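This one's a predicted model, so the numbers in the text were calculated from it and none came from an experiment.
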Amino acid sequence: MEKRIQKIINDRIDKKIELIKNMSSNNIYKDKILTLIVDEDNVKSQYVKAIQSTFKKYLPKAIIKFVYVEKNMDRSDITRRLIEEVDILNELNGYLFIQPSITYYNTIPLKGDLDNIGNYNDLWNKYNLSITSQVIGEIIEDYVRDIDAPNIVIIGDGKTVGKPLNIWCQQNPNWNTYQIKECFKEKEDELDVYENGLNLKYKLSTNADIIVSATGIPNSLVIRDKAVISPTIFYDEKTQRFQNDLEELCRDKCDTHTILNSIGTLTNLELCLRWLNEVLGFNSQERFVIEK
């Protein structure tokens, strides 16, 4: 199958790198702080290492500061911990919850949440989406640009990808957007949603032009010859390999991309841009028009 998504991602990566270089050319961001809110078990995770590597490469004069919290701390306790450890006026230049160690319920009422996980008042606006859902939205825009009435299927209803991405995609009147809230079960005959005798989930997925599977259930999607984006990840202790939603034997049969490869690069570059936007006080609408 033609690998169209990689070309789209590469183009988006180049544009974001160019924006970062332009925005940071005068080093006005020097010594500003990115605050990562994370539990101690995840401070050395692949995700955190990738963020550190990206900032070191493109924004080397930035400082990364960690605020450690316990898993499942409530909103008020996280807010209190952040205020205790960060000079809110001088250091809170933008913060990020490291998922999934901090759940989306623990949003805090302080300006600077770079992932916008607490902002669901204007979901039709791409620039209010979480980082991952936004970059996936950008990929979808480019992928379906020349497809008449494209079929977009979103699997999963999480608050950082599935839910906001679905609501945003629904705003485009030329797209047919379908959301499957529950993940696929292992056997097709276990699925209990049927339409005219045909399993509805199977029908949607096989007629999709592009699928976003964000359930975090490894090997839960069995399909071939489709464009698939799987932004969630799972580490299998037995095989000592990272897994995504798409069944392993299908991955070479699809135009598929995961958070571990180029989508991870794209999301971390977007994080750099959002942080710069917060530090420099740029208008977010103008900042995100990357086609200019």
Side-chain angles (χ1 to χ4, degrees), residues 12-13 15-38 43 47-48 50-69 75 78-99 101-102 104 106-123 125-138 159-161 164 168 264-290 292:
R12 290 278 170 172
I13 286 174
K15 289 178 179 179
K16 289 184 188 294
I17 290 173
E18 183 179 359
L19 271 174
I20 292 170
K21 290 179 178 178
N22 290 339
M23 291 173 65
S24 62
S25 59
N26 57 8
N27 289 329
I28 197 171
Y29 73 93
K30 181 181 178 181
D31 296 331
K32 297 294 184 180
I33 296 173
L34 166 67
T35 301
L36 300 181
I37 303 174
V38 61
V43 71
Y47 181 30
V48 171
I51 291 173
Q52 291 174 309
S53 176
T54 303
F55 267 73
K56 183 178 181 180
K57 183 174 182 178
Y58 296 106
L59 298 169
K61 298 184 186 300
I63 298 171
I64 294 180
K65 181 171 184 174
F66 293 94
V67 171
Y68 301 107
V69 297
R75 177 187 175 113
I78 291 180
T79 304
R80 188 180 305 112
R81 179 70 57 81
L82 187 59
I83 292 174
E84 288 174 353
E85 298 191 24
V86 175
D87 183 334
I88 300 299
L89 293 178
N90 297 316
E91 293 186 1
L92 198 60
N93 310 126
Y95 60 89
L96 182 73
F97 288 92
I98 300 301
Q99 299 285 357
S101 62
I102 310 299
Y104 61 77
N106 291 327
T107 56
I108 57 179
L110 292 174
K111 183 178 181 295
D113 175 9
L114 299 174
D115 220 9
N116 284 331
I117 58 176
N119 183 2
Y120 290 92
N121 295 321
D122 300 305
L123 279 178
N125 183 337
K126 176 173 65 180
Y127 316 113
N128 285 333
L129 298 180
S130 67
I131 291 172
T132 304
S133 55
Q134 180 189 311
V135 299
I136 292 173
E138 292 174 358
K159 200 166 183 178
T160 56
V161 179
W168 177 74
T265 301
L266 198 57
T267 56
N268 285 331
L269 291 171
E270 178 56 35
L271 170 61
C272 289
L273 285 169
R274 289 197 181 192
W275 181 77
L276 278 171
N277 181 61
E278 193 73 28
V279 168
L280 303 178
F282 284 2
N283 180 282
S284 63
Q285 294 291 340
E286 291 298 321
R287 212 278 293 146
F288 282 116
V289 182
I290 66 175
K292 286 185 176 180

For atom CD1 of Ile28, is the number of surrounding heavy atoms from other residues, nucleotides or ligands below 6.0 Å larger than 12? no
Interatomic distance, Glu278 atom CD to Leu276 atom CG [nearest 0.5 angstrom]: 11.0 Å
Start with the C-alpha gap between Leu266 and Lys16, add the side-chain angles, then the distance that decides, and say whether side-chain contact (heavy atoms from CB on, under 4.5 Å) holds. CA-CA 8 Å; Leu266 198 57; Lys16 289 184 188 294; 3.7 Å; yes
Do Leu273 and Ile20 come within less than 4.5 Å of each other through their side chains, counting heavy atoms only? yes
Can you find a pair of side-chain heavy atoms, one from Asn93 and one from Tyr29, that are under 4.5 Å apart? no
Are the side chain of Asp115 and the backbone N or O of Ile131 linked by a donor-acceptor pair below 3.5 Å? yes
Please walk me through it: do Thr160 and Thr132 pass side-chain contact (heavy atoms from CB on, under 4.5 Å)? CA-CA 7 Å; Thr160 56; Thr132 304; over 6 Å; no
Measure the CG-NZ distance between Leu59 and Lys21 for me, rounded to the nearest 0.5 Å. 11.5 Å
Rounded to the nearest 0.5 Å, how far does CG of Leu271 lie from OG1 of Thr267? 8.0 Å
So do the side chains of Val135 and Arg12 get within less than 4.5 Å of each other, counting heavy atoms only? no
Identify the two heavy atoms, one from Ala62 and one from Phe55, that lie closest to each other, and give their separation to 0.1 Å. CB-CD2, 4.0 Å
Evaluate the criterion side-chain contact (heavy atoms from CB on, under 4.5 Å) for residue pair Ile98 and Ile51; output intermediate values, then yes/no. CA-CA 10 Å; Ile98 300 301; Ile51 291 173; 4.1 Å; yes
Would a 4.5 Å heavy-atom cut-off, applied to side chains only, mark Val38 and Phe66 as touching? yes
Testing Leu96, Leu114, Leu34 for side-chain contact (heavy atoms from CB on, under 4.5 Å) with Arg274, which one passes? Leu114
Check whether any side-chain heavy atom of Val67 lies under 4.5 Å from a side-chain heavy atom of Tyr95, and answer yes or no. no
Rounded to the nearest 0.5 Å, the OH atom of Tyr68 sits from the CG atom of Leu36 at a distance of 9.5 Å
Salt bridge or not between Glu138 and Lys15? Use side-chain N to carboxylate O under 4.0 Å. no
Taking all non-hydrogen atoms of both residues into account, name the closest pair between Ser24 and Tyr58 and its distance. OG-O, 4.4 Å
Rounded to the nearest 0.5 Å, what's the gap from CG on Asn116 to CG on Leu129? Could you check? 8.0 Å
Flag if over 12 foreign heavy atoms under 6.0 Å of NZ, Lys65: yes
The test is side-chain contact (heavy atoms from CB on, under 4.5 Å); show your working for Leu110 and Leu92 and say whether it passes. CA-CA 9 Å; Leu110 292 174; Leu92 198 60; 4.3 Å; yes
Check this for me: Glu18, atom CD, are more than 12 non-hydrogen atoms of other residues, nucleotides or ligands nearer than 6.0 Å? no
